[in-house]
Amino acid sequence: MTDFTKGAAWMGGEILPIDEAKISVIDWGLTHSDITYDVVPVWAGGFFRLDDYLARFRQSIEALRLDIPQSDADIAQILHDIVARAGLRDSYVSMSAARGVPLIPGSRDPRECGNHFYAFCVPYIHVIKPEAADRGARLWISKSSRRIPEDSVNPRAKNYHWGDFTTGLFEAKDNGFDTTALLDHAGNVTEGPGFNVFALKGDTVVTSDHGVLHGITRKTMIEMCRARGLTVETRALPLSELLDADEVFLSTSGGGAVPVSRVDERIFGNDAPGPVASALRADYFELMRDPAYRTEISY
Ligand code: PLP
């Protein structure tokens with residue numbers, strides 16, 4: 001019997017076990033990172049904010065001038081079918097649109113490639129390990145790598161241009177930190193590999209509005225902060241302001257709201273998650289079970 005326990009993929013109209021899903025070595029998605037993707041979480045048997053993720057994926061496709069035949073309804077059906085086939089109740093569900101293989105061998109014209117869609121699901125991935133989130137994540141500000149400028153690669157079209165993050169992650173791990181966040185060339189905090197960054201001072205929460213992916217969890221976080229009576233400012237976040245914050249936290253579809261207890265040498269609170277970040281973390285997991293935001297899966 002076919003084993004879907006590690007996940008399932010949809011490629012070219014077929015559902016395959018995750019290990020059997022492959023793309024061509026000459027696909028520009030691989031050779032030029034000419035690809036966009038999105039990741040929607042499935043929690044307790046339902047998609048969370050599926051329409052928001054589908055809308056962002058469509059915007060990314062348009063920003064990169066990709067052309068795929070699947071409608072949003074087709075994509076929703078495919079995502080549903082792979083998760084149901086894999087039987088996953090908590091899942092990381094990824095959808096991609098790639099430039100594809102040149103239709104005329106050797107062509108260097110991006111208009112002459114066979115764009116294509118594929119998707120896969122695997123068991124839920126925590127971008128920050130739950131143990132680290134529980135004790136407070138340790139965030140390293142990369143010293144050697146700045147976030148790729150937004151007029152070079154558009155960060156709002158979700159992408160795999162992760163060379164800057166990978167450099168930062170090596171630095172973070174080598175220094176005993178959980179993950180990294182990158183500055184822009186003006187010294188403002190942008191984002192990290194898989195998350196947006198927030199600073200709380202008094203009753204005001206600040207998160208960057210430029211040079212970052214507009215995370216769906218960032219949107220949820222902004223709503224949750226306002227529901228708790230906090231003021232939210234989306235604007236440049238200088239590093240000095242992050243280090244001077246009362247609390248720092250991250251937002252990611254892979255784990256929701258993640259409290260930060262250290263940024264470089266700066267230790268927040270008692271080297272433990274702050275009260276507001278902890279409350280937001282709980283709010284997020286509650287919201288993921290709210291029927292108003294969910295699309296249930298029939299297994
Ligand atoms: N920033 C980057 C670079 C990301 O890759 C991600 C998610 O993977 C995020 C931010 C957070 O976005 P979301 O909340 O939609 O997961």
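All of these numbers come straight from a predicted model, not from anything done at the bench. Ligands are counted one by one from 1 in listed order, and the atoms in each one are counted from 1 as well.
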| said: According to side-chain hydrogen bond (donor to acceptor under 3.5 Å, both in side chains), who are the partners of Lys143, at least two apart in sequence or on a separate chain? | reply: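 Here the qualifying residues are Asp264.
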| field | Check: Tyr124 ring centroid to Trp43 ring centroid under 6.0 Å | value | yes
| field | Validation row: Leu79, Cys121 side chains within 4.5 angstrom (heavy atoms) | value |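 In short, these two side chains do not touch, never coming nearer than 4.5 Å.
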Please give the N or O to N or O pairs under 3.5 Å between ligand 1 and the protein, distances rounded to 0.1 Å.
unit_1   : atom_1 : unit_2 : atom_2 : d
ligand 1 : 1 (N)  : Glu191 : OE1    : 2.7
ligand 1 : 5 (O)  : Lys158 : NZ     : 3.4
ligand 1 : 8 (O)  : Lys158 : NZ     : 2.5
ligand 1 : 14 (O) : Ile216 : N      : 3.4
ligand 1 : 14 (O) : Thr217 : N      : 2.9
ligand 1 : 14 (O) : Thr217 : OG1    : 2.6
ligand 1 : 15 (O) : Arg56  : NH1    : 2.8
ligand 1 : 15 (O) : Arg56  : NH2    : 2.9
ligand 1 : 15 (O) : Ile216 : N      : 2.8
ligand 1 : 16 (O) : Ser253 : N      : 3.0
ligand 1 : 16 (O) : Ser253 : OG     : 2.5

| query | Think Arg266 forms a cation-pi with Phe268, using NZ or CZ under 6.0 Å from the six-ring centre and within 45 degrees of its axis? | reply |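 Yes, Arg266 and Phe268 form such a contact.
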| said: If the threshold is 4.0 Å, N to carboxylate O, is there a salt bridge linking Lys129 and Asp178? | reply: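 A salt bridge is absent here (no side-chain N lies under 4.0 Å from a carboxylate O).
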| request: Indicate the ring-plane relationship of Phe48 and Tyr284, choosing parallel, tilted or perpendicular according to the 30° and 60° boundaries. | output: perpendicular
